[in-house]
Amino acid sequence: MDKGSISTKFLNVFYAEHQALKDVSVDIPKQKITAIIGPSGCGKSTLLKVFNRLIDLNEDTKVSGQVLVDGINIYDKATDIYSLRKKMGLLAQRPFVLPMSILENVAYGLRIHNHLGNNKIDELVEHYLREANLWNEVKDRLHASASKLSIGQQQRLCLARGLAVEPEIILGDEPTSALDPLSSERIEKKLIELKNRYTIVIVTHNIAQAMKLADFVIFLYYGEVVETGKSEDIFKAPQELMTQAYIKGEYLDNIWLEREAKISRRIGQGEGI
């Protein structure tokens with residue numbers, strides 16, 4: 001299977017007694033931008049954290065089903081979590097820069113994963129800062145504290161740091177939600193550029209952003225997949241009433257209850273879903 005591929009099969013996630021994801025089976029296209037959409041609390045961030053096993057950091061969490069990355073079930077006991085996370089670059093809602101210089105934020109991963117001389121590291125730091133469209137803004141203050149950068153610059157620094165470990169996949173958990181419009185646009189443009197080389201999966205509440213960025217869409221509600229498909233199909237001709245309502249900003253719960261009742265009746269009559 002090609003590098004950068006992700007799929008789930010009958011994935012269930014529980015936080016103690018609460019079920020956050022229910023029988024989620026999706027195939028995420030390689031070298032495309034996939035947007036996971038849905039209202040707050042529907043399981044979007046949970047699904048994203050499953051892909052790099054950050055979900056493991058939550059207490060009383062139980063995962064069942066399969067999550068395949070490059071065709072390998074990452075929840076198999078033999079999985080090397082360190083190697084898995086090296087495949088994943090992560091952009092969180094708010095940037096988390098390391099308490100060191102701008103240069104060292106990018107060099108940190110290079111030093112851990114490679115045996116390189118300082119000249120080569122400096123060369124690569126410049127390369128990845130350029131990749132994140134940050135070099136021209138920081139080239140004269142590389143030894144200054146990264147915490148002195150603006151929030152938007154910090155997010156691009158986190159992107160450069162993530163790219164420096166040469167991942168296959170970039171995960172973004174609402175990566176522009178804390179940014180001003182100009183900084184958001186810079187991140188969005190860069191993600192569009194990067195999709196030719198990386199599989200990108202983002203969580204977003206912003207329908208306009210999903211329409212702008214996504215090639216593929218996963219719509220979640222109450223931990224269940226309501227609809228998936230190509231972006232143009234989902235936003236122009238959604239098949240599910242739930243999807244139509246969500247895109248229009250309409251109230252969903254009544255439609256959801258009707259949908260669940262219809263499914264229950266079909267199952268009771270032996271018709272399946």
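- Grouping the Ile, Leu, Val, Met, Phe, Trp and Tyr side chains by contacts below 4.5 angstrom, directly or via other members, places Leu11 with Val26.
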> Can you check side-chain hydrogen bond (donor to acceptor under 3.5 Å, both in side chains) on Asn58 and Thr61, steps first, answer last?
Replying inline: CA-CA 6 Å; Asn58 295 84; Thr61 301; 4.8 Å; no

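- Between Asp23 and Asn12, the closest side-chain pair of non-hydrogen atoms falls below 4.5 Å.
- At least one donor-acceptor pair closer than 3.5 Å links the side chain of Asn52 to the backbone N or O of Leu54.
- For Lys86, the NZ atom sits in a packed shell: over 12 heavy atoms of surrounding residues, nucleotides or ligands are nearer than 6.0 Å.
- The shortest side-chain heavy-atom distance between Tyr198 and Ile33 does not fall under the 4.5 Å cut-off.
- Between Ser231 and Val217 there is a side-chain heavy-atom pair separated by less than 4.5 Å.
- For the atom pair CZ of Arg161 and CG of Leu110, the computed distance is 12.0 Å after rounding to the nearest 0.5 Å.
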>> What verdict does the side chain to side chain contact (heavy atoms under 4.5 Å, CB included) test give for Asp122 and Leu103, after you've listed the backbone C-alpha separation in whole Å, the side-chain angles of each residue and the deciding distance to 0.1 Å?
In response: CA-CA 8 Å; Asp122 289 346; Leu103 185 149; 3.9 Å; yes

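- Nearest heavy-atom pair across Thr199 and Gly4 is OG1-O, 2.7 Å.
- In terms of modelled atom types and a separation under 3.5 Å, the side chain of Asp173 and the main chain of Leu171 share no donor-acceptor contact.
- Side-chain atoms of Tyr75 come within 3.5 Å of backbone atoms of Val50 as a donor-acceptor pair (strictly under, hydrogens ignored).
- When side chains are defined from C-beta on, Ile151 does not count as touching Gln155, because their heavy atoms never get closer than 4.5 Å.
- No continuous path of hydrophobic side-chain contacts links Phe14 to Leu21 [ILVMFWY only; heavy atoms under 4.5 Å].
- Under a 3.5 Å cut-off, the side chain of Glu168 and the backbone N or O of Lys87 do not form any donor-acceptor pair.
- Side-chain contact check for Asp80 versus Arg85: every heavy-atom pair is 4.5 Å or farther apart.
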> Between Arg130 and Asn136, is a side chain to side chain contact (heavy atoms under 4.5 Å, CB included) present by the stated rule, with each step listed?
Replying inline: CA-CA 8 Å; Arg130 288 188 183 277; Asn136 289 335; 4.2 Å; yes

> Given Lys190 and Asn133, is the side chain to side chain contact (heavy atoms under 4.5 Å, CB included) satisfied, shown in steps?
Replying inline: CA-CA 8 Å; Lys190 179 48 63 175; Asn133 291 343; 3.5 Å; yes

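- Within a 6.0 Å sphere centred on OH of Tyr108, other residues, nucleotides and ligands contribute 12 heavy atoms or fewer.
- Atom OH of Tyr128 and atom CG of Leu157 lie 14.5 Å apart (nearest 0.5 Å).
- Val201 is not connected to Val165 by any chain of hydrophobic side-chain contacts under 4.5 Å among Ile, Leu, Val, Met, Phe, Trp and Tyr, and they are in different clusters.
- Of the possible polar contacts, none joining the Glu240 side chain to the Ala245 backbone as a donor-acceptor pair under 3.5 Å is found.
- Nearest heavy atoms, Ser40 versus His205: OG-NE2, 3.1 Å.
- A donor-acceptor contact shorter than 3.5 Å is absent between the side chain of Arg94 and the backbone of Ala178.
- Results of the side chain to side chain donor-acceptor pair (under 3.5 Å) test with Thr204 over Gln209, Lys212, Glu174 single out Gln209 as the only residue that passes.
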> Do Leu91 and Cys158 pass the side chain to side chain contact (heavy atoms under 4.5 Å, CB included) test, and can you show the C-alpha distance, the side-chain angles, and the key distance before you say yes or no?
Replying inline: CA-CA 7 Å; Leu91 288 177; Cys158 290; 4.1 Å; yes

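- Residue Ala214 comes nearest to Ala35 through the heavy atom pair CB-CB, 3.7 Å, listed as atom of the first residue, atom of the second, then distance.
- The aromatic rings of Phe219 and Tyr221 sit tilted, their planes meeting at an angle between 30° and 60°.
- A donor-acceptor pair under 3.5 Å is formed between the side chain of Gln153 and the backbone N or O of Ser150.
- Note on Tyr15 and Phe51: same hydrophobic cluster, where clusters join Ile, Leu, Val, Met, Phe, Trp and Tyr whose side-chain heavy atoms are under 4.5 Å apart, directly or indirectly.
- The number of heavy-atom neighbours closer than 6.0 Å to CD of Glu137, taken from other residues, nucleotides and ligands shown, is above 12.
- Atom CD in Glu131 sits 11.0 Å away from atom CG in Leu124 (nearest 0.5 Å).
- In terms of heavy-atom proximity, Lys230 sits nearest to Phe216 at N-CD1, 4.0 Å.
- We find the OG1-CZ distance between Thr243 and Phe235 to be 9.5 Å, quoted to the nearest 0.5 Å.
- Taking every heavy atom of both residues into account, Ala146 and Val97 meet most closely at CB-CB, 4.0 Å.
- Under a hydrophobic-cluster definition in which Ile, Leu, Val, Met, Phe, Trp and Tyr are linked whenever side-chain heavy atoms come within less than 4.5 Å, directly or via other members, Leu68 and Phe10 are assigned to different clusters.
- Here CD1 of Ile81 is found 5.0 Å from CG of Asp56. Values are rounded to the nearest 0.5 Å.
- Inter-residue side-chain proximity for Arg141 and Leu149 is flagged as met; some heavy-atom pair is nearer than 4.5 Å.
- Although no hydrogens or angles enter the test, the distance criterion places a donor-acceptor pair under 3.5 Å between the side chain of Arg53 and the main chain of Ile74.
- Contact between Asp27 and Ser7 at its shortest, heavy atoms only, is OD1-CB, 2.9 Å.
- Between Asn105 and Met100, the closest side-chain pair of non-hydrogen atoms falls below 4.5 Å.
- Side chains of Ile218 and Val24 form no contact here, defined as non-hydrogen atoms less than 4.5 Å apart.
- A side-chain donor-acceptor contact under 3.5 Å links Lys44 to the backbone of Gly38.
- Distance check: Leu159 CG to Arg156 CZ gives 9.5 Å after rounding to the nearest 0.5 Å.
- A distance-only check finds a donor-acceptor pair linking the side chain of Ser101 to the backbone of Glu104 [under 3.5 Å].
- Ion pairing of Lys189 with Glu193 is absent here, as no side-chain N (NZ or NE/NH1/NH2) approaches a carboxylate O to less than 4.0 Å.
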